[in-house]
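See structure below.
Order of listing sets the numbers, starting from 1, for every ligand and every atom in it.
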Amino acid sequence: MLIAPSLLSCDFSVFRDEIIRVDQAGADIMHLDVMDGHFVPNLTFGAPVIKKLRSATEKPFDVHLMISEPHRYAGDFADAGADIISFHTESDSDIDETLKLIEARGVKPALAIKPGTSPAVVLPYLDRLYMVLVMTVEPGFGGQSFMPDMMDKVTYLRKEIARRGLDTLIEVDGGIAKDTIATAANAGVDICVAGTAVFGAPDAKEAIDELRALCE
Ligand code: DX5
Ligand code: ZN
């Protein structure tokens, strides 16, 4: 299991140091939540901030766009150094056009689905996706409870990915903690995002080690 700490729960006054801290603690991927106060009722940061943070680590930047018009901004996030760009199927942008834009920049494209969205929505694009992000909470805030019902979507996607012989990854995001990560692992998840479980723990390395061990 790859562990992707969500920087949404870090101490933003020392954002760069927090990336370095979880890098040294063994994080596999840095999950960066971009919110526009429109697609979700919360605001975070944009491409200029990510660009400044890029040199803090060599680990991949997984940029999760919770914005209404990803097509307008995806290029900026690519230029800022994103390795993976996830955008929501529920956004206002055309999915095919937005994927094309991300692909043209050589960035790994991913589609994200909210809890109320059927995983069937991503099927027409599955062959082009590096990853599917299955939300296990309503996007917008850290610290919410994991929705175990979402594992049916993971099972469904896992099956379809295998049937087509693809190597598309499945990521889950929201409420991942010591008591929920095994459920995700058993369903066939590849990457777990964890905000509160990593940044709310006294020792990030212990927290990450423990989360990973619970998947074995
Ligand atoms: C929520 C974000 C998540 C969030 C996860 O909209 O996409 O990445 O930070 O936080 P936890 O792990 O605390 O649920
Ligand atoms: Zn996220």
Side-chain angles (χ1 to χ4, degrees), residues 1-12 15 18-19 21-22 25 27-47 49-50 53 59-68 70 73-74 77 82-91 108-117 129-151 153-154 169-185 189-202 204 207-208 210-212 214-215:
M1 179 69 72
L2 297 173
I3 306 293
S6 163
L7 275 301
L8 183 63
S9 300
C10 83
D11 178 348
F12 283 126
F15 203 164
E18 290 284 74
I19 290 181
R21 184 164 74 90
V22 287
D28 297 296
I29 295 168
M30 302 296 162
H31 185 84
L32 296 156
D33 290 300
V34 176
M35 305 185 187
D36 66 355
H38 188 254
F39 183 77
V40 288
N42 196 6
L43 282 163
T44 56
F45 45 82
V49 172
I50 291 177
L53 295 168
K59 303 271 171 74
F61 271 16
D62 168 24
V63 176
H64 177 193
L65 299 181
M66 285 162 275
I67 64 177
S68 293
Y73 301 99
F77 289 99
D83 297 280
I84 307 166
I85 296 179
S86 306
F87 65 98
H88 277 265
T89 60
E90 308 88 356
S91 75
K108 299 178 169 92
L111 281 176
I113 52 171
K114 297 209 279 186
T117 302
L129 301 179
Y130 173 73
M131 181 176 96
V132 179
L133 197 182
V134 176
M135 290 303 301
T136 41
V137 298
E138 285 299 336
F141 300 94
Q144 305 180 76
S145 299
F146 179 75
M147 301 166 84
D149 294 359
M150 298 301 123
M151 294 309 98
K153 297 188 192 179
V154 173
L169 301 175
I170 301 176
E171 178 176 71
V172 288
D173 183 6
I176 290 293
K178 279 187 264 186
D179 57 339
T180 55
I181 197 163
T183 304
V189 167
D190 303 291
I191 307 172
C192 277
V193 175
T196 312
V198 171
F199 288 98
I208 292 171
E210 198 172 351
L211 287 173
R212 235 189 244 112
L214 286 162
C215 298

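Within the 4.5 Å cutoff, side-chain heavy atoms of Leu133 are placed close to those of His64. Considering only heavy atoms from C-beta on, Ile19 comes within 4.5 Å of Met30 through its side chain. In this structure the side chain of Val198 reaches within 4.5 angstrom of the side chain of Val22, judged on heavy atoms. Looking only at side-chain heavy atoms (C-beta outward), Asp190 and Glu171 stay at 4.5 Å or farther from each other.
Atom 2 (C) of ligand 1 has its closest protein heavy atom at Asp33 OD1, 3.5 Å. Annotation: atom 13 (O) of ligand 1 to nearest protein heavy atom, Thr196 OG1, 2.4 Å. For atom 12 (O) of ligand 1, the nearest protein heavy atom (residue, atom name, distance) is Gly195 N, 2.7 Å. Scanning the protein for heavy atoms near atom 6 (O) of ligand 1, the closest one is Gly140 N, 2.7 Å. Among protein heavy atoms, atom 9 (O) of ligand 1 sits closest to Ser6 OG, 2.7 Å. Looking at atom 5 (C) of ligand 1, its nearest protein heavy atom turns out to be Asp173 OD1, 3.5 Å. Summary of contacts: the protein heavy atom closest to atom 14 (O) of ligand 1 is Gly175 N, 2.8 Å.
Those atoms of ligand 1 that come under 4.0 Å of a heavy atom in Val193, given as number and element, are 8 (O). Atoms of ligand 1 found under 4.0 Å from any heavy atom of Ala194 (numbered from 1 in listed order, with element): 12 (O). Of all atoms in ligand 1, listed by their number and element, those nearer than 4.0 Å to a heavy atom of His31 are 8 (O). Close contacts between ligand 1 and Gly142 involve ligand atoms 10 (O), 13 (O) [criterion: under 4.0 Å to a heavy atom]. Below 4.0 Å from some heavy atom of Leu8 lie the following atoms of ligand 1, by number and element: 4 (C), 9 (O). Listed by number with element, the atoms of ligand 1 under 4.0 angstrom from any heavy atom of Pro139 are 6 (O). Below 4.0 Å from some heavy atom of Met66 lie the following atoms of ligand 1, by number and element: 6 (O), 7 (O). Close approach to Gly174 involves these atoms of ligand 1, each under 4.0 Å from a residue heavy atom: 14 (O).
At least one donor-acceptor pair under 3.5 Å links the side chain of Thr136 to the backbone N or O of Gly174. Panel note: side chain Gln144, backbone Glu138; a donor-acceptor pair is recorded below 3.5 Å. Listed for the Lys153 side chain is a donor-acceptor partner under 3.5 Å among the backbone atoms of Pro115. Lys114 places no side-chain N or O within donor-acceptor distance of the main-chain N or O of Thr89, the cut-off being under 3.5 Å. Side-chain atoms of Ser6 do not come within 3.5 Å of backbone N or O of Gly195 as any donor-acceptor pair.
In this structure, Phe39 and His88 have tilted ring planes: the angle between them lies in the 30° to 60° band.
Using a 4.0 Å cut-off between a side-chain N of Lys or Arg and a carboxylate O of Asp or Glu, Arg212 and Asp28 qualify as a salt bridge.
Heavy-atom separations between Ala197 and ligand 1 are all 4.0 Å or longer. Under a 4.0 Å heavy-atom criterion, Phe141 is in contact with ligand 1.
In terms of N/O distances under 3.5 Å, ligand 1 is approached by His64.
Between the side chains of Asp33 and His31, at least one donor-acceptor pair of N or O atoms lies under 3.5 Å.
Annotation: protein N, O or S atoms under 2.8 Å of the Zn ion (ligand 2) (waters excluded) comprise His31 NE2, Asp33 OD1, His64 ND1, Asp173 OD2.
Nearest heavy atom pair, residue Cys10 against residue Phe199, reads CB-CE2, 3.5 Å.
Ring pair Phe77/Phe61: centre-to-centre distance not below 6.0 Å.
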